A.B. asks: 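Have a look at the structure that comes next, please.
Computed over heavy atoms, backbone and side chain alike; hydrogens, waters and symmetry mates excluded. Please read these numbers as outputs of a predicted model, since none were measured by experiment.
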Amino acid sequence: MEKEFVFGHQNPDTDAIGTAIAFSYLQNKLGYNTEAVALGEPNDETAYALKKFGFKAPRVIKEAAPEVKAVMLVDHNEPQQSVSDIDKVKVTHVVDHHRIMNFNTADPLYYRAEPMGCTSTIVWKMFNENKVEIPEKLAGLMLSAIISDTLLLKSPTTTDDDKKAVEALAKIAGVDYKEYGLAMLKAGTNISDKSEEELIDLDAKSFELNGHNVRVAQINVVDLPEALERKDAFLKAMEASSKDNNYDMFMLLITNILDSDSEALVVGSDETKALFEKAFDKKLSDSEVKLPGVVSRKKQVVPPLTDAFNA
């Protein structure tokens with residue numbers, strides 16, 4: 001059987017990398033020939049989880065077609081978030097927990113999308129359904145993905161299935177998920193050694209909203225005021241990135257993981273800024289706005305922006 005790549009989205013987070021590794025393992029157990037790869041280097045949080053459970057980071061690819069004819073996608077489906085030559089390979093499987101947008105294939109495929117807090121929760125279900133045992137270390141990595149995506153089960157995206165998966169995986173991995181989870185999340189909040197240009201690209205996704213190219217980035221911190229001391233530098237980096245990449249709007253969500261509050265910085269035209277204000281029913285003050293309780297890009301940011309841009 002010819003090899004297929006399994007990978008998550010660009011600017012990968014712990015779900016994108018951890019779930020690619022887990023789904024590749026499962027598919028290989030089910031008779032496929034797959035390799036988990038990544039579309040970028042792991043961030044600090046993901047690197048912490050990989051090291052904790054004894055995994056090497058998957059190799060990074062820029063293109064898929066030179067090596068494989070078919071791929072499996074996890075944690076994304078939108079082509080602008082995928083490998084650069086996604087149009088040159090066949091997508092045979094998708095496992096995701098996001099909206100479905102701009103996605104089509106020439107052939108039938110396996111597609112599983114569920115409104116879970118994390119793709120790893122869906123893959124955990126698939127292990128159970130196929131009666132495949134989850135190794136201890138892999139359970140730890142899958143647990144890490146769910147903790148990351150749900151902010152230790154505090155995100156509004158969290159479901160009962162996510163909670164069940166966390167408890168089951170923590171038991172297999174032999175860890176206290178609350179203690180480990182907080183340590184892992186904190187490992188991803190050190191922003192002092194990174195430039196603004198790096199930070200706005202670490203966890204960023206592009207969305208096509210009614211003809212507008214919108215970029216939404218997110219940074220997790222434990223000290224929001226300290227992060228906002230770099231506001232002017234963030235805005236400058238966002239303006240430059242928007243110019244280089246033709247973004248009509250760039251939103252940076254800075255989230256305090258300890259109290260689940262966020263502040264947003266926004267650059268764009270008067271039109272897109274007005275649409276942003278309409279989406280959240282709040283006025284920007286010097287390109288900044290408080291968004292208390294907003295922690296999920298998928299559930300609390302993209303849907304209101306989509307509604308506002310499509311109105």
Side-chain angles (χ1 to χ4, degrees), residues 9-11 13 15 75-81 96-103 113 115-118 149-151 154-159 196 199-221 224 227-228 231-232 234-257 259-311:
H9 50 77
Q10 296 173 24
N11 301 317
D13 55 11
D15 190 16
D75 199 29
H76 75 295
N77 67 83
E78 299 188 45
Q80 74 272 17
Q81 298 172 6
D96 194 15
H97 67 142
H98 296 96
R99 69 175 191 171
I100 301 169
M101 185 66 70
N102 303 324
F103 181 84
M116 299 289 111
C118 179
D149 261 20
T150 65
L151 286 179
K154 289 192 293 186
S155 168
T157 60
T158 307
T159 66
E196 289 76 22
L199 289 168
I200 65 168
D201 201 43
L202 269 181
D203 180 10
K205 292 182 180 180
S206 298
F207 301 91
E208 192 278 315
L209 302 179
N210 198 19
H212 295 86
N213 187 8
V214 175
R215 187 76 161 171
V216 182
Q218 186 168 19
I219 302 169
N220 289 338
V221 300
L224 204 48
L228 287 168
K231 173 182 171 180
D232 290 343
F234 277 131
L235 291 172
K236 185 178 178 183
M238 292 158 67
E239 292 276 13
S241 182
S242 295
K243 186 176 180 182
D244 291 344
N245 298 285
N246 296 313
Y247 300 137
D248 297 301
M249 189 184 88
F250 197 131
M251 170 185 176
L252 173 62
L253 191 69
I254 307 176
T255 300
N256 184 333
I257 63 166
D259 64 12
S260 299
D261 274 349
S262 296
E263 297 226 9
L265 302 180
V266 180
V267 300
S269 65
D270 289 343
E271 178 203 6
T272 56
K273 282 185 174 181
L275 289 169
F276 172 89
E277 292 178 337
K278 178 182 174 186
F280 294 96
D281 195 23
K282 288 179 178 287
K283 288 289 182 185
L284 287 164
S285 176
D286 192 23
S287 301
E288 180 182 346
V289 67
K290 293 181 185 297
L291 295 176
V294 174
V295 297
S296 171
R297 173 172 48 203
K298 180 182 70 196
K299 191 166 185 174
Q300 295 172 294
V301 175
V302 175
L305 283 178
T306 301
D307 290 345
F309 275 77
N310 285 336

A.B. asks: Compare every heavy atom of Val266 with every heavy atom of Lys273, then report the nearest pair and how far apart it is.
C.D. replies: CE-O, 3.7 Å
A.B. asks: Does atom CG of Asp270 have more than 12 heavy-atom neighbours, drawn from other residues, nucleotides or ligands, at distances under 6.0 Å?
C.D. replies: no
A.B. asks: Could you tell me which non-hydrogen atom of Met251 sits nearest to which non-hydrogen atom of Phe276, and how far apart they are?
C.D. replies: SD-CE1, 3.6 Å
A.B. asks: Does any N or O in the side chain of Asn77 come within less than 3.5 Å of the main-chain N or O of Arg99, such that one atom is a donor and the other an acceptor?
C.D. replies: yes
A.B. asks: For residues Leu291 and Lys282, report the shortest heavy-atom separation together with the two atoms involved.
C.D. replies: CD2-CD, 3.7 Å
A.B. asks: What closest approach, in Å, do Thr157 and Asp149 show between heavy atoms, and which atom pair accounts for it?
C.D. replies: OG1-O, 4.2 Å
A.B. asks: On a heavy-atom basis, which atom in Leu265 and which in Met238 lie closest, and how many Å separate them?
C.D. replies: O-CE, 3.3 Å
A.B. asks: Answer yes or no: is there a donor N or O on one side and an acceptor on the other, between the side chain of Asp15 and the main chain of Cys118, under 3.5 Å?
C.D. replies: no
A.B. asks: I need the Thr255 OG1 to Asn220 CG distance, nearest 0.5 Å.
C.D. replies: 5.5 Å
A.B. asks: Let's go through Ile219 and Leu202 carefully: what are the C-alpha distance in whole Å and the side-chain angles of both, what is the deciding distance for side-chain contact (heavy atoms from CB on, under 4.5 Å) to 0.1 Å, and is it a yes or a no?
C.D. replies: CA-CA 8 Å; Ile219 302 169; Leu202 269 181; over 6 Å; no
A.B. asks: Using modelled atom types only, decide if a donor and an acceptor are shared between the side chain of Asp248 and the backbone of Val214 within a distance under 3.5 Å.
C.D. replies: no
A.B. asks: Between Asp96 (side chain only) and His76 (backbone N and O only), is there a donor and an acceptor less than 3.5 Å apart?
C.D. replies: yes
A.B. asks: Classify the side-chain pair His97/Lys298 by whether it contains a donor and acceptor separated by less than 3.5 Å.
C.D. replies: yes
A.B. asks: How many angstroms lie between NE2 in His212 and CG in Leu275, if you round to the nearest 0.5 Å?
C.D. replies: 6.5 Å
A.B. asks: Roughly how far, to the nearest 0.5 Å, is the CG atom of Leu224 from the CD1 atom of Ile254?
C.D. replies: 6.5 Å
A.B. asks: Any sub-3.5 Å donor-acceptor pair from Glu196's side-chain atoms to Ala237's backbone N or O?
C.D. replies: no
A.B. asks: Rounded to the nearest 0.5 Å, what separates atom OG in Ser262 from atom CD in Gln218?
C.D. replies: 6.0 Å
A.B. asks: Within the side chain of Glu277, is there an N or O that forms a donor-acceptor pair under 3.5 Å with the backbone of Phe280?
C.D. replies: no
A.B. asks: Angle class for the Tyr247/Phe250 ring planes (parallel below 30°, perpendicular above 60°, tilted otherwise)?
C.D. replies: perpendicular
A.B. asks: Donor-acceptor pair, distance only, cut-off 3.5 Å: does the side chain of Gln300 make one with the backbone of Gly293?
C.D. replies: yes
A.B. asks: Find the distance between NE2 (His98) and CG (Asp75) and round it off to the nearest 0.5 Å.
C.D. replies: 5.0 Å
A.B. asks: Looking at Gln80, is its backbone amide N or carbonyl O close enough to the side chain of Gln10 to form a donor-acceptor pair, meaning the two atoms are under 3.5 Å apart?
C.D. replies: yes
A.B. asks: Report, as yes or no, whether the 6.0 Å neighbourhood of atom CG on Asn310 holds more than 12 heavy atoms from other residues, nucleotides or ligands.
C.D. replies: yes
A.B. asks: Strictly distance-based, threshold 3.5 Å: is any side-chain N or O of Ser155 a donor or acceptor partner for the main-chain N or O of Leu151?
C.D. replies: no
A.B. asks: Once side chain to side chain contact (heavy atoms under 4.5 Å, CB included) is applied, do any residues pair with Lys154, and if so which ones, sequence neighbours excluded?
C.D. replies: Ser260
A.B. asks: Measure the shortest side-chain to side-chain distance between Asp201 and Arg215 over non-hydrogen atoms and say whether it is less than 4.5 angstrom.
C.D. replies: yes
A.B. asks: Closest approach of Asp261 and Pro292, non-hydrogen atoms and distance?
C.D. replies: OD1-CA, 3.3 Å
A.B. asks: Are the side chain of Asn210 and the backbone N or O of Phe309 linked by a donor-acceptor pair below 3.5 Å?
C.D. replies: yes
A.B. asks: Start with the C-alpha distance between Asp203 and Arg297, add both sets of side-chain angles, then the distance that settles side-chain contact (heavy atoms from CB on, under 4.5 Å), and finish with yes or no.
C.D. replies: CA-CA 10 Å; Asp203 180 10; Arg297 173 172 48 203; 2.7 Å; yes
A.B. asks: Taking C-beta and beyond as the side chain, do Glu263 and Glu288 meet within less than 4.5 Å on heavy atoms?
C.D. replies: yes
A.B. asks: With a 4.5 Å cut-off on side-chain heavy atoms, are Val289 and Leu284 touching?
C.D. replies: yes
